[in-house]
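Data first, discussion second: the structure below is written as structure tokens.
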Amino acid sequence: MNLPVDELTAGPSLGAARPQPPAPPRFELAGSFHHDGFRLAYTEYGDGDALVVLTHGLLMTRRMHRPLARSLADRGFRVVTLDLLGHGESDRPSESWRYSMTACASQVLALLDHLGADKAVVGGTSLGANVALEVAVRAPNRLHGLLVEMPVLDNAVFAGLLAFPPLLFAARFTPPVISGVATLTRLIPQRNQWMAVLAETLRQEPAPMAAVLHGILFGRIAPPRSLRQEITTPALVIGHSNDPVHPFGDADTLANDMPEAEFVRARSPVELRFDPARLTEAIGDFLADRYSAAGFRIPA
């Protein structure tokens, strides 16, 4: 079922004999598909052939990209946000071997197949950024471009070892703590987008959460530098300072490693969430350049 998100009606123009017809509404469509025996959930924003796929951070959900997806849809792009396996409304198996960066990349490619799309711009934040890199290594022919925000590479290893093993320990050995936190999320007033994102992130199931953390943190976090240097897909890399889990050095190094990468420095880790105009404009311009180069016409 298509749900209209925003319908803009143009007023009469000067000198016109009659009002302009209403602009076509943008649509949001929630959907799902099955891959490797599991259900994966997604949301589409807008329509057309200029497809952008966005994936989320670790333990987060596709809702985190809703404001960006809506803004890009208003610029004429078709944006699809995906809940990776073990996250959001997608299935959450409890076997850790099912979770890896390469498995996540397979899910993104399966989404493209489900949508009937030969190519897309693929991107994401943190976990999603690394998944996009894996897609670029595995199937560069399926890409028009990459959006990489907050990649987690070599400089983040120490901070990651401090931040995530306690969560894994709690999920594995004190599951009532995780279940209790999930229950308390019902008390979080979801007055806005980011309160809802916080509630969804905290609403975890102990066994799947432990499996996700175990499978991803103790596997290949990202393609090695030797492979990253061979990624020739045009990319927009966004990095920032003052976040040890997503250090500036990782984003800057990645942009230098990839021969067709453009680097944008964010003012803070939350700029795209709470003061998004500048970065959203940069992302929109990058997408327009990529699809114009591919011969697409982006409607205004």
Check the orientation of Phe263 and Phe248. Use parallel for under 30°, tilted for 30 to 60°, and perpendicular for over 60°.
perpendicular
Hey, any chance Leu202 and Trp194 share a hydrophobic cluster, counting ILVMFWY side chains that come within less than 4.5 Å of each other, even indirectly?
no
With side chain to side chain contact (heavy atoms under 4.5 Å, CB included) as the criterion, how do Val131 and Met101 come out once you've worked through the C-alpha distance, each side chain's angles and the decisive distance to 0.1 Å?
CA-CA 6 Å; Val131 171; Met101 291 294 180; 4.0 Å; yes
OG1 of Thr43 to CG of Leu82: how many Å apart, nearest 0.5 Å?
9.5 Å
Flag yes if more than 12 heavy atoms outside Asn242 fall under 6.0 Å of its CG atom; otherwise flag no.
no
Do you know which two heavy atoms are closest between Gly88 and Asp83, and how far apart they sit?
CA-OD2, 3.4 Å
Name each donor-acceptor pair under 3.5 Å that joins a side chain in residues 158-179 to protein atoms two or more places apart or in another chain, with its distance.
| from | atom 1 | to | atom 2 | distance (Å) |
| --- | --- | --- | --- | --- |
| Arg172 | NH2 | His214 | ND1 | 3.4 |
| Thr174 | OG1 | Ala170 | O | 3.0 |
| Ser179 | OG | Pro175 | O | 3.3 |

So, applying side chain to side chain contact (heavy atoms under 4.5 Å, CB included) with Val135, which one of Leu112, Leu143, Thr233 is it?
Leu143
Any side-chain heavy-atom pair of Val80 and Val52 under 4.5 Å
no
Does a donor on one side chain sit under 3.5 Å from an acceptor on the other, for His246 and Ser126?
yes
Going by the rule side chain to side chain donor-acceptor pair (under 3.5 Å), which residues pair with Gln107 if we only count those two or more places apart in sequence or in a different chain?
none
Do the side chains of Leu68 and Ile283 get nearer than 4.5 Å, heavy atoms only?
yes
Within the 4.5 Å heavy-atom criterion, are Pro67 and Arg70 side-chain neighbours or not?
no
Write down the atom of Val148, the atom of Ala129, and the distance for their closest heavy-atom approach.
CG1-CB, 3.6 Å
Would you compute the distance between atom CE of Met60 and atom OG1 of Thr55 and round it to the nearest 0.5 angstrom?
12.0 Å
Is it the case that the side chains of Ser241 and Arg265 hold a donor-acceptor pair, with the cut-off being a distance below 3.5 Å and no angle test?
yes
What about Met64 and Leu40, same hydrophobic cluster or not, with Ile/Leu/Val/Met/Phe/Trp/Tyr joined at side-chain heavy-atom distances under 4.5 Å?
no
Ring pair (Phe, Tyr, Trp, His ring centres under 6.0 Å) partners of Tyr42, counting only residues at least two apart:
His114
Ring pair (Phe, Tyr, Trp, His ring centres under 6.0 Å) filter on Phe38, not counting sequence neighbours, yields none
Going by side chain to side chain donor-acceptor pair (under 3.5 Å), name the pairs with one or both residues in residues 251-260, residues two or more places apart or in two chains.
Arg225-Asp257
Could you pull out the closest heavy-atom pair between Val152 and Asp250, with the gap in Å?
C-OD2, 3.9 Å
Side-chain heavy atoms of Leu213 within contact of Leu58, under 4.5 Å:
yes
Hey, are Arg98 and Glu95 close enough for a salt bridge, meaning a charged N less than 4.0 Å from a carboxylate O?
yes
Once you round to the nearest 0.5 Å, how far does CG of Leu51 lie from CG of Asp49?
9.0 Å
Look only at the side chain of Ser90 and the backbone of Ala41, and say whether a donor-acceptor pair between them is shorter than 3.5 Å.
yes
Residues two or more places apart in sequence or in another chain: which of them pass ring pair (Phe, Tyr, Trp, His ring centres under 6.0 Å) with Phe286?
none
Which value, rounded to the nearest 0.5 Å, describes the distance between Leu147 atom CG and Ile238 atom CD1?
7.0 Å
Within residues 87-106 or reaching into it, pairs that qualify as ring pair (Phe, Tyr, Trp, His ring centres under 6.0 Å) - sequence neighbours excluded:
His56-His87
Please check if the side chain of Arg92 supplies one atom and the backbone of Leu85 the other of a donor-acceptor pair under 3.5 Å.
no
Can you list the residues that meet the ring pair (Phe, Tyr, Trp, His ring centres under 6.0 Å) rule with His35, with sequence neighbours excluded?
none
Besides Leu187, the hydrophobic cluster formed by Ile, Leu, Val, Met, Phe, Trp and Tyr side chains linked at under 4.5 Å, directly or via other members, contains Leu184
Shortest non-hydrogen contact from Pro269 toward Arg273
O-NH1, 4.4 Å
Between Pro151 and Ala251, the two heavy atoms sitting closest are CG-CA, 3.8 Å
Is there a chain of hydrophobic side chains (I, L, V, M, F, W, Y, each step under 4.5 Å between heavy atoms) that links Val197 to Val79?
no
Within the 4.5 Å heavy-atom criterion, are Leu146 and Val121 side-chain neighbours or not?
no
Would you please say whether a donor-acceptor pair under 3.5 Å links the side chains of Thr102 and Arg220?
no
pair Leu217-Val212: side-chain heavy atoms closer than 4.5 Å
no
Would you mind reporting whether Leu111 and Leu115 have side-chain heavy atoms less than 4.5 Å apart?
yes
Could you tell me whether Arg39 sits above the aromatic face of Phe33, with NZ or CZ closer than 6.0 angstrom to the six-membered ring centre and within 45 degrees of the axis?
no
Any idea which heavy atoms bring Thr81 and Ala69 closest together, and the distance?
CG2-CB, 4.1 Å
Do any N or O atoms from the side chain of Ser292 and from the backbone of Ala288 form a donor-acceptor pair under 3.5 angstrom?
yes
Is Leu84 reachable from Leu59 through a run of hydrophobic residues whose side-chain heavy atoms are each under 4.5 Å from the next?
yes
To the nearest 0.5 Å, what is the distance between OG1 on Thr125 and CG on Leu272?
6.5 Å
What do the steps show when you test Tyr291 against His144 for side chain to side chain contact (heavy atoms under 4.5 Å, CB included), and what is the final call?
CA-CA 7 Å; Tyr291 277 108; His144 285 299; 3.3 Å; yes
Side-chain contact test, heavy atoms from C-beta onward, threshold under 4.5 Å: evaluate it for Gln193 versus Arg66 and give yes or no.
yes
Check: Arg228 side chain, Pro223 main-chain N or O, donor-acceptor pair, under 3.5 Å:
yes
In terms of hydrophobic clustering (I, L, V, M, F, W, Y; side-chain heavy atoms under 4.5 Å; direct or indirect links), are Met150 and Leu54 co-clustered?
no
Using side chain to side chain contact (heavy atoms under 4.5 Å, CB included), reason through Thr61 and Glu89 one step at a time and then give a plain yes or no.
CA-CA 8 Å; Thr61 75; Glu89 295 179 335; over 6 Å; no
Around Asp118, counting heavy atoms of other residues, nucleotides and ligands shown, do more than 12 lie under 6.0 Å from its CG?
no
Side chain to side chain donor-acceptor pair (under 3.5 Å) partners of Asp285, counting only residues at least two apart:
Arg75
Supply the atom-to-atom distance Ile221 CD1 to Ile216 CD1, rounded to the nearest 0.5 angstrom.
8.0 Å
Listed by chain and number, what are the side chain to side chain donor-acceptor pair (under 3.5 Å) partners of Ser71, not counting sequence neighbours?
none
Donor-acceptor contact present, side-chain Thr280 to main-chain Ala277, <3.5 Å
no
Contacts of Glu271 that satisfy side chain to side chain donor-acceptor pair (under 3.5 Å) - sequence neighbours left out:
Arg267, Arg278
